[in-house]
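Scroll down for the structure; my scribbles are underneath it.
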Amino acid sequence: MHKKSSDLSEKARVTRRTFLGTALLTGGVLLARGSDVIFGAGLSGSSNVATNPTWKLGGDLTVNRLGFGAMRVTGEGIWGWPADRGNALKVLKRAVKLGVNLIDTADAYGPETSELLIAEALYPYPDGLVIATKGGLTRPGPGDWVPDGRPEHLKQAVDGSLKRLRLERIDLYQLHSIDPKVPMEESLGAIKEMKDAGKIRHVGLSNVEPDEIERARKVVPIVSVQNRYNIEDRKSENALVYCEKNNLGFLPWFPIGGTRGLKHENALNAAAKAHGVSIFQVALAWLLERSPVMLPIPGTSSVAHLEENIAAAKLKLAPEEWKAINALAS
């Protein structure tokens with residue numbers, strides 16, 4: 001638990017540029033420009049998303065398993081407005097056009113900027129679009145992520161997100177981080193009050209261990225967990241297994257990873273070469289095949305990268321490829 005704030009700071013610092021500089025990219029890039037909607041038709045035969053292309057979040061919200069994380073539509077360092085606001089709006093609109101119907105954000109992204117951009121780009125929202133947001137982390141300044149799980153703060157945070165997103169009810173509200181200074185039961189009790197008041201439909205957690213999920217479920221029904229997880233970093237494996245056993249959605253943040261600990265010639269690069277795609281797509285395809293409860297939410301500020309990410313839903317890894325990549329765990 002003591003490393004979570006620093007992990008969140010690292011989340012803000014790691015970029016696709018870093019990933020590019022630390023991995024050997026090979027093969028062409030399979031973009032989604034040939035089709036406006038990646039999900040649904042055209043997926044037959046794939047062993048990952050095709051056999052389970054959607055997930056029922058909370059048992060009643062059907063979402064495509066590959067979503068979009070809206071952290072990086074904000075300014076540099078996840079702070080303030082983006083340098084090109086028009087581009088950020090294009091990315092959000094394009095995501096929905098490609099079939100994304102799960103967008104994840106937080107009041108801390110900007111702060112507030114990400115939520116405001118989502119509403120500006122997409123309101124009035126199309127039917128079936130699920131917007132998940134989070135509260136419980138504050139941003140005193142660039143690079144700072146400070147937990148605040150006080151009940152009064154979380155109630156204000158829910159109301160603030162509702163206003164910025166122009167919603168009457170938030171489909172999925174997640175406790176962004178457990179505040180070590182506040183009993184988790186008190187923080188979640190406040191969120192439960194907002195749920196009982198009709199302001200929240202479902203509740204999720206972020207950056208938690210299995211025992212914490214178990215404790216949380218005694219306070220309020222939990223439908224999802226959002227932890228850091230990727231090919232290289234699987235410290236949340238136990239949390240993922242818990243979600244599988246209890247039918248909870250698992251939203252991995254930093255889903256592509258950095259591959260900093262991998263050798264240049266590895267199974268990830270080999271699969272990218274074999275399929276003529278990027279290692280980003282292979283990393284996402286691996287996640288989608290790893291578990292039916294996996295709901296990756298890769299984020300980007302680039303339309304081209306967005307299209308590349310979403311195209312990963314069509315990538316089929318051979319069983320031996322998947323096993324070889326799986327063996328890369330640090």
Side-chain angles (χ1 to χ4, degrees), residues 11 38-39 43 48-71 95-96 99-106 118 128-136 161 167 169-178 188 191-192 195 200-230 233-256 283-299 309-310 312-313:
K11 176 182 178 182
I38 295 299
F39 303 99
L43 289 178
N48 50 25
V49 183
T51 54
N52 185 27
T54 62
W55 173 261
K56 281 200 172 183
L57 195 59
D60 62 350
L61 294 176
T62 301
V63 296
N64 291 316
R65 287 181 56 213
L66 193 54
F68 177 73
M71 182 175 73
V96 172
V100 169
N101 64 350
L102 171 60
I103 295 178
D104 177 78
T105 185
I118 288 170
L129 178 64
V130 174
I131 298 175
T133 193
K134 299 181 285 294
S161 289
L167 291 171
R169 180 176 65 174
I170 296 169
D171 281 331
L172 176 61
Y173 193 82
Q174 304 155 96
L175 180 62
H176 206 157
S177 180
I178 294 175
L188 289 171
I191 292 176
K192 182 180 184 299
K195 182 179 187 297
I200 295 171
R201 186 170 188 167
H202 293 301
V203 178
L205 302 171
S206 184
N207 303 298
V208 288
E209 303 292 343
D211 63 313
E212 294 166 334
I213 307 172
E214 192 70 22
R215 282 175 56 196
R217 295 176 71 197
K218 294 177 181 178
V219 180
V220 63
I222 300 297
V223 305
S224 66
V225 170
Q226 183 175 158
N227 280 10
R228 175 170 171 146
Y229 188 90
N230 54 60
D233 183 355
R234 298 182 221 174
K235 294 182 180 69
S236 287
E237 191 74 32
N238 289 339
L240 172 58
V241 171
Y242 183 97
C243 289
E244 291 175 329
K245 291 180 178 179
N246 293 277
N247 207 39
L248 308 181
F250 186 87
L251 288 68
W253 63 259
F254 196 30
I256 292 174
L284 289 170
W286 176 85
L287 279 174
L288 289 166
E289 199 166 330
R290 165 62 185 83
S291 172
V293 308
M294 191 78 75
L295 307 173
I297 45 171
N309 288 340
I310 300 303

_Taking the side chain as everything from C-beta on, heavy atoms only, tell me whether Lys192 gets closer than 4.5 Å to Leu188._
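Lys192 vs Leu188: side chains apart.
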*Between Leu295 and Leu57, is any pair of side-chain heavy atoms under 4.5 Å apart?*
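SC-SC contact between Leu295 and Leu57 confirmed.
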Treating [X] as the side-chain partner and [Y] as the backbone partner, does any N or O pair qualify as donor plus acceptor under 3.5 Å?
X	Y	result
Arg228	Phe254	no
Asn64	Gly99	yes
Arg65	Trp55	no
Lys134	Tyr173	no
Gln174	Gly135	no
Asn227	Val208	yes

Roughly how far, to the nearest 0.5 Å, is the [atom2] atom of [Y] from the [atom1] atom of [X]?
X	Y	atom1	atom2	result
Ile222	Ile213	CD1	CD1	8.5 Å
Arg290	Leu284	CZ	CG	15.5 Å
Ile256	Asn230	CD1	CG	9.5 Å
Leu66	Thr54	CG	OG1	13.0 Å

*Given Pro296, Cys243, Ser224, the one that forms side chain to side chain contact (heavy atoms under 4.5 Å, CB included) with Leu251*: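 One option only clears the test, and that one is Ser224.
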*Residue from Asp211, Asn207, Leu205 passing side chain to side chain contact (heavy atoms under 4.5 Å, CB included) with Glu209*: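 Of Asp211, Asn207, Leu205, side chain to side chain contact (heavy atoms under 4.5 Å, CB included) with Glu209 is met by Asp211 alone.
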_Residues that Phe250 engages under ring pair (Phe, Tyr, Trp, His ring centres under 6.0 Å), provided they are two or more places apart_ =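 Partners of Phe250 under the ring pair (Phe, Tyr, Trp, His ring centres under 6.0 Å) test: Tyr229.
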